[in-house]
Amino acid sequence: MSEQVTIIGAGIVGICCALSLQERGIPVRLVDRGEPGQETSFGNAGVVSPWSIIPQSVPGIWKKLPQMLLDPKSALSVRLSFWPKMVPWGLRFLGNSGEKTVREVADAMELLCRPSIELYRRHLQGTGNEDLITDSFYVHAFRHPEQANLNGLDYLIRTEKGGQLERIDGNELHQLEPALSRDFKAAVLIKGQARVTSPGRVGVVLAKKARSQGAEICRTEITGLARAEDGGWNLATSNETLHAKHVVLAAGVWSADLLKPLGLSVPLVAERGYHVEFPNPSTCLNNSVMDVDAKVVASSMQDGLRVAGTAEFASIDAPVDPRKKTILTDQAKAMVPNLDTSQARFWMGRRPSFPDSLPAIGQLNGNSGLYSAFGHSHYGLMMAPKTGELVADLVSGRRHNIDLAPFSLTRF
C-alpha cells in the first residue's frame with residue numbers, strides 16, 4: 001500500500017499510529033487543531049505501566065460511589081448538567097464490574113499495555129531524547145497498612161499475569177521515597193515500570209521524528225467527515241475540504257461528534273482530569289507514587305513535581321473548575337510535606353472514556369477505509385504505542401492472530 005493515510009488527531013495515539021504506519025512504508029498526514037501532543041496527552045502523570053491492566057469498574061465499586069460523589073474533595077465529581085448523560089453511561093459502567101468481566105477486560109488491556117515501554121524506547125531511538133523515558137516503580141502508598149493487601153483482585157490479576165509485586169512497610173517505603181509523608185504506613189510496589197519525565201515533550205519529539213520521516217502535519221480543525229464519491233473520505237475544515245482514501249480517527253473525545261453524521265452513536269464521554277505542577281518543588285520523588293486514598297499520582301518531571309488525578313464528568317466545553325487547583329494542591333502537600341507549592345501551574349484535559357475502560361480500535365463496520373483509534377480513558381499513554389501497531393497492521397493488510405473484538409464499537 002502506498003496511498004497516504006490521514007490521521008485525525010495528533011495526540012500521543014495519533015502520533016504513534018503515524019510512526020507505526022511509516023515503519024511499514026506508508027506515508028501519513030496528521031491533522032489537528034493544535035500542536036501535536038499538547039492536548040489531553042500533555043497533562044497525564046507520566047506513568048508507563050505494562051501492569052495498568054485493571055479497569056475502573058471493579059467488584060464493589062457501587063458501594064463506594066455514593067460517598068465519593070458526596071465528598072467535595074473526592075477524585076470523582078459530576079457536573080449537575082451532565083447527569084442526564086451520566087446515568088445511562090454509569091449503568092453500563094456498573095454492568096462491567098463483575099469479576100468475570102473484569103478479568104476479560106484485563107486480558108484486553110494487557111494486550112495494549114504490556115509492550116508499552118519497549119515500543120516507546122523504539123520510537124524514541126535516534127531522537128537524542130531517549131532519556132524521556134526512565135525505569136521506575138509504580139508505588140501504591142497506603143495510610144492504612146491493612147489495605148496494602150496483595151490478595152485483592154487487582155493485585156492478584158497482575159500477579160497471575162506475571163507482574164512482580166512487593167508489599168513493603170512504612171520504614172522501607174520511606175527509605176525508597178524519603179520525601180513522602182510519614183502518614184503512609186505501607187505500600188505495594190509494582191515493578192517493571194517506567195515513567196515519562198515530560199509527556200508534552202514526548203509528543204513534540206515523536207511528532208518531529210514523524211515529520212523528519214516525511215509526515216505531513218496540518219494545523220486545522222476537522223469539522224465534518226463524509227463519504228466521498230470515489231469511495232474515499234472528505235474531511236471538512238473551516239477553510240477547505242481535505243480528501244483521503246484511508247482515515248484513522250484518533251481525535252479522542254471529539255471523535256464521537258465526527259461519527260454522528262455517519263449514523264454512529266457511541267457511549268464516549270469527557271472524563272476530565274486535572275493536574276497541578278510545581279516548578280520549584282524543593283524536593284523530589286524517585287518513582288511514580290499513587291496516594292491510594294486520594295486517587296492522585298505524583299511524579300517528578302523535567303518541569304517540576306506534578307500531581308495528577310480526578311475524574312470530573314462534564315460536557316467537553318464546560319468551564320474549568322478552579323476549586324480543583326486547591327484540592328490537588330492540598331493533596332500534593334499531604335503526600336509530600338516539604339513540597340514548595342508556590343507558583344503552581346494548573347491544567348485540565350479531557351479523557352475519552354468508554355464505560356468498560358477499553359478503547360475503540362479497528363475498521364468501522366460498513367465504512368471501508370475508516371479506522372477507529374480513540375477512547376483510551378486513563379490509559380492513553382500506556383496504550384498508544386500498541387494501538388499504533390494494531391492500526392498500522394490493519395491499514396497495511398498485515399495478518400495477525402489477535403482478536404480485536406474487545407475493541408470493536410459493535411460491543412455497545
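Quick note: residue numbers are just sequence positions, from 1.
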Heavy-atom pair with the smallest gap, counting every atom of [X] and [Y]:
X: G126; Y: E130; value: N-OE2, 2.8 Å
X: V320; Y: M348; value: CG2-CE, 3.8 Å
X: L339; Y: K333; value: O-NZ, 2.6 Å
X: S20; Y: G388; value: CB-O, 3.3 Å
X: V13; Y: A250; value: CG1-CB, 4.3 Å
X: I15; Y: L30; value: N-CD2, 4.3 Å

Checklist entry - Of R306, R195, M290, which meets side chain to side chain contact (heavy atoms under 4.5 Å, CB included) against S299? => result R195
Checklist entry - Is it the case that T237 and N239 place a side-chain donor and acceptor less than 3.5 Å from each other? => result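 Looking only at side-chain atoms, N239 and T237 do not form any donor-acceptor pair under 3.5 Å.
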Item to check | Between Q56 and E271, a side-chain donor and acceptor under 3.5 Å | outcome: no
Gap between atom [atom2] of [Y] and atom [atom1] of [X] - 0.5 Å precision:
X: D293; Y: Q147; atom1: CG; atom2: CD; result: 6.0 Å
X: S74; Y: L65; atom1: OG; atom2: CG; result: 9.0 Å
X: T326; Y: D321; atom1: OG1; atom2: CG; result: 9.5 Å
X: L259; Y: L268; atom1: CG; atom2: CG; result: 9.0 Å
X: L225; Y: D257; atom1: CG; atom2: CG; result: 12.0 Å
X: Y120; Y: M382; atom1: OH; atom2: CE; result: 9.0 Å

[X] side chain to [Y] backbone, donor-acceptor under 3.5 Å:
X: S372; Y: G362; answer: yes
X: D291; Y: A294; answer: yes
X: Q22; Y: A210; answer: yes
X: K161; Y: R158; answer: no
X: T197; Y: Q302; answer: no
X: K209; Y: H123; answer: yes
X: N151; Y: N149; answer: no
X: Y371; Y: A392; answer: no
X: S255; Y: A251; answer: yes
X: R272; Y: A318; answer: yes

Checklist entry - Between R167 and Y155, is NZ or CZ placed under 6.0 angstrom from the six-membered ring centre and within 45° of the ring axis? => result no
Checklist entry - With a distance cut-off below 6.0 Å to the six-membered ring centre and an angular limit of 45° from the axis, does R33 pair with W254 as a cation-pi contact? => result yes
Check whether any side-chain heavy atom of [X] sits under 4.5 Å from a side-chain heavy atom of [Y], and report yes or no.
X: M301; Y: P199; result: yes
X: L111; Y: F407; result: yes
X: N286; Y: L176; result: no
X: W89; Y: S353; result: yes
X: K208; Y: T127; result: no
X: R351; Y: H376; result: no
X: I26; Y: S396; result: yes
X: L358; Y: R411; result: yes

Next on the checklist: Just to verify, what does E160 make a salt bridge (Lys or Arg N to Asp or Glu O under 4.0 Å) with, not counting sequence neighbours?
Outcome noted: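 In terms of salt bridge (Lys or Arg N to Asp or Glu O under 4.0 Å), with neighbours along the sequence ignored, E160 is linked to R103.
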Return all side-chain donor-acceptor pairs below 3.5 angstrom for residues 39-50, not counting sequence neighbours, or 'none' if the list is empty.
residue, atom, partner, partner atom, Å
E39, OE2, R350, NH1, 3.4
T40, OG1, R350, O, 3.0
S41, OG, I12, N, 2.8
N44, OD1, G46, N, 2.8
N44, ND2, S41, O, 3.0
S49, OG, W51, N, 3.3
S49, OG, S52, N, 3.0
S49, OG, S52, OG, 2.9
S49, OG, Q193, OE1, 2.5

Is any NZ, NE, NH1 or NH2 atom of the basic residue among [X] and [Y] found under 4.0 Å from an Asp or Glu carboxylate oxygen of the other?
X: D330; Y: K73; result: no
X: R79; Y: D317; result: no
X: E389; Y: R24; result: yes
X: K245; Y: D230; result: no
X: D356; Y: R92; result: no

By side chain to side chain donor-acceptor pair (under 3.5 Å), which residues pair with [X], not counting sequence neighbours?
X: R345; result: E277
X: E23; result: R122
X: Q343; result: N280

Item to check | Derivation of the salt bridge (charged side-chain N to carboxylate O under 4.0 Å, His left out) call for R121 and D135 | outcome: CA-CA 11 Å; R121 290 198 161 123; D135 291 333; 2.9 Å; yes
Item to check | V204/Q38 under side-chain contact (heavy atoms from CB on, under 4.5 Å): CA gap, chis, key distance, verdict | outcome: CA-CA 8 Å; V204 170; Q38 304 309 298; 3.5 Å; yes
Item to check | Chi angles and distances behind the ring-ring contact (aromatic ring centres under 6.0 Å, His included) call for Y138, H140 | outcome: CA-CA 7 Å; Y138 196 3; H140 289 189; 4.8 Å; yes
Checklist entry - Is the F82 ring parallel, tilted or perpendicular to the F313 ring (thresholds 30°, 60°)? => result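 If you compare the ring of F82 with that of F313, the planes turn out parallel.
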Next on the checklist: side-chain contact (heavy atoms from CB on, under 4.5 Å), that's the test. Do N367 and W233 meet it? Break it down for me.
Outcome noted: CA-CA 10 Å; N367 293 278; W233 294 93; 3.5 Å; yes
Next on the checklist: Take a 6.0 Å sphere around CD of E146 and say whether it holds more than 12 heavy atoms from other residues, nucleotides or ligands.
Outcome noted: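 Above 12, so yes.
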Next on the checklist: Quick check on L80: does its CG atom have over 12 non-hydrogen neighbours (other residues, nucleotides or ligands) under 6.0 Å away?
Outcome noted: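 At most 12 heavy atoms, drawn from other residues, nucleotides or ligands, come within 6.0 Å of this atom.
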Checklist outcome for this item: The complete set of salt bridge (Lys or Arg N to Asp or Glu O under 4.0 Å) pairs with one or both residues in residues 367-385, sequence neighbours excluded, reads none
Checklist entry - Could you go step by step and tell me if I133 and V202 meet the side-chain contact (heavy atoms from CB on, under 4.5 Å) rule? => result CA-CA 9 Å; I133 187 167; V202 166; over 6 Å; no
